[in-house]
Amino acid sequence: MSTSEHSSAIPTLELNDGASVPQIGLGTYAMHDAEGVGAIIAGIDNGYRLLDTAVNYENEREVGQAVIDSKVGRDELFITSKVPGRHHGFDETIASTEESLARLQLERLDLHLIHWPNPSVGKYVDTWRGLIELRERGLVTSIGVSNFTEAMLQELIDETGVTPAVNQIELHPYFPQSKLIEFHRSIGVQTESWSPLYRDQGLFDEAPIAEAAAAHGVEPAQVVLRWHLEVGSLSIPKSANPDRQKLNADIFGFNLTPAEVDAISGLERGRMKGRDPLTHEEM
Ligand SMILES: NC(=O)C1=CN([C@@H]2O[C@H](COP(=O)(O)OP(=O)(O)OC[C@H]3O[C@@H](n4cnc5c(N)ncnc54)[C@H](OP(=O)(O)O)[C@@H]3O)[C@@H](O)[C@H]2O)C=CC1
Ligand SMILES: O=C(O)C(=O)[C@@H](O)[C@H](O)C(=O)CO
């Protein structure tokens, strides 16, 4: 834990390349303009150090401004962005990343991901080679992917010998992805959960979550975010509300029992919007 005046209580874990990453981060999807900058600064003030953005969120400028305006030093923060589908390809990935860095007003990203594999385009291996090159040039510290299947991960490793540090995937109690998490664990990839709260669309009323919340004296959202840690994933809940930001990050003072974890995982019913990376493509 940092000892600075603006320290964070969020512990870290180590990625397969030795880099340190906070165990929970702030999603920034749909945070825009001055209001978005204010919400991101509030997140940093509330202890978040990992900020998750993407070219396609069209808010890298806001994230960069929040980093500049916050009271926390750049080196204490962990900034993630993502290469969009329209920038797949070796040269395109280098150019895309240089543009992201310019918008973010940063010299280096802590983690850069391939946002979606877009298999019909057939360029994710070239894109991965671009990320490897960027890491060698020192423009990004860690490299990873998002929405990759087991077979796609294996293909990247077979083709390049480089294992992604992270696979950021849709993961929540309705879609627990236990087989993919186990595969990640077996090859040293850190699982990262997107839409970890299922965008507050009814999940919190589910009995195993409400019951665990009552048993531990916490809120249902905290149970859900603790469940992500218990199954081995770091999550990036988005909240623009300072009170909910604080609540969501306050998950390190209790544990769920194995029975509670199993009951919550038993809520499985499928993806939120049918975004199967074998067929769903985003440019
Ligand atoms: N790689 C990928 O393909 C994807 C990546 N992502 C990333 O993951 C992040 C998180 O996912 P996201 O889709 O935003 O969804 P989340 O599951 O994080 O849910 C966010 C929604 O839940 C609300 N919320 C947050 N905390 C609470 C709480 N304690 N109680 C009640 N409601 C709450 C927020 O509202 P409010 O702000 O008002 O608190 C917001 O409406 C994104 O922001 C983005 O960075 C997301 C989708 C795909
Ligand atoms: O937010 C992201 O990172 C995405 O990849 C999108 O799928 C986004 O979640 C979305 O909901 C677009 O409709």
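Here the structure is a predicted model, which is why all the values come from computation and not from measurement. One-based numbering, in listed order, for ligands and for the atoms of each.
Within the listing of ligand 1, atoms 17 (O) sit less than 4.0 angstrom from a heavy atom of Tyr198. Within ligand 1, counting atoms from 1 as listed, the ones closer than 4.0 Å to a heavy atom of Gln168 are 1 (N), 2 (C), 4 (C), 5 (C). Interface atoms of ligand 1 facing Phe204, defined by a heavy-atom separation under 4.0 Å, are 30 (N), 31 (C). Each of the following atoms of ligand 1 lies closer than 4.0 Å to a heavy atom of Thr28: 43 (O), 45 (O). The ligand atoms of ligand 1 that sit less than 4.0 angstrom from a heavy atom of Asp52 are 7 (C), 44 (C), 45 (O). The ligand atoms of ligand 1 that sit less than 4.0 angstrom from a heavy atom of His115 are 1 (N), 2 (C), 3 (O). Contact atoms of ligand 1 toward Trp116: 3 (O) (distance under 4.0 Å to a heavy atom of the residue). Of all atoms in ligand 1, numbered sequentially from 1 with element shown, those under 4.0 Å from a heavy atom of Asp200 are 22 (O), 31 (C), 32 (N).
At under 3.5 Å, a nitrogen or oxygen of Ala240, whether backbone or side chain, sits near a nitrogen or oxygen of ligand 1. Distances between N or O atoms of Trp194 and those of ligand 2 include no value under 3.5 Å. For ligand 2, the polar-atom distance check against His280 finds no nitrogen or oxygen pair separated by under 3.5 Å. Between Lys82 and ligand 2, a contact under 3.5 Å exists for no N or O pair. Between Arg275 and ligand 1, not a single N/O pair is under 3.5 Å apart. Residue contacts with ligand 1: Tyr57 is placed with a nitrogen or oxygen under 3.5 Å of a nitrogen or oxygen of the ligand (distance criterion only). Polar contact with ligand 1: present for Arg244 (N/O pair, distance under 3.5 Å). For the pair Leu197 and ligand 1, the shortest N or O to N or O distance falls below 3.5 Å.
Nearest non-hydrogen protein atom to atom 46 (C) of ligand 1 is Trp194 CB, 3.7 Å. Scanning all protein heavy atoms for the shortest distance to atom 13 (O) of ligand 2 gives Lys273 NZ, 3.3 Å. Nearest protein neighbour of atom 11 (O) of ligand 1, counting heavy atoms only, is Ser195 N, 3.0 Å. For atom 11 (O) of ligand 2, the closest non-hydrogen atom on the protein side is Arg275 NH1, 3.0 Å. Shortest contact from atom 9 (C) of ligand 1 to any protein heavy atom: Ile236 O, 3.2 Å. Shortest contact from atom 26 (N) of ligand 1 to any protein heavy atom: Asn248 ND2, 3.0 Å. Ranking the protein heavy atoms by distance from atom 6 (C) of ligand 2 puts Glu282 OE2, 3.3 Å first. Remark: minimum distance from atom 20 (C) of ligand 1 to any protein heavy atom is reached at Lys238 O, 3.3 Å.
Under 4.0 Å is where a charged nitrogen must lie from a carboxylate oxygen, and between Lys179 and Glu182 no such pair does. Ionic pairing of Arg74 and Asp110 is present here: one or more N-O contacts between side-chain nitrogen and carboxylate oxygen are shorter than 4.0 angstrom. The pair Asp52-Lys82 counts as a salt bridge, with a side-chain nitrogen and a carboxylate oxygen less than 4.0 angstrom apart. One finds a salt bridge joining Glu230 and Arg226 here, because a Lys/Arg side-chain nitrogen approaches an Asp/Glu carboxylate oxygen to under 4.0 Å.
Comparing heavy-atom distances from atom 19 (O) of ligand 1 across His172, Lys246, Arg199 singles out Arg199 as nearest. Taking all heavy atoms of Trp116, Tyr29, Tyr57 into account, the minimum distance to atom 2 (C) of ligand 2 is reached by Tyr57.
For the salt bridge (charged side-chain N to carboxylate O under 4.0 Å, His left out) with Arg129, the lone residue among Glu159, Glu92, Glu136 that qualifies is Glu159.
Around the CD atom of Glu35, the shell of radius 6.0 Å holds no more than 12 heavy atoms that belong to other residues, nucleotides or ligands. Within a 6.0 Å radius of CZ in Arg275, other residues, nucleotides and ligands contribute more than 12 heavy atoms.
Neither the backbone nor the side chain of Gln168 has any atom closer than 4.0 Å to an atom of ligand 2 (non-hydrogen atoms only).
For atom 41 (O) of ligand 1, no protein heavy-atom neighbour is present inside the 4.0 Å cut-off.
Taking the six-membered ring for Trp and the full ring otherwise, Phe148 and His184 have centroids separated by 6.0 Å or more.
Ring pair Tyr174/His172 is perpendicular by interplanar angle, where above 60° counts as perpendicular and below 30° as parallel.
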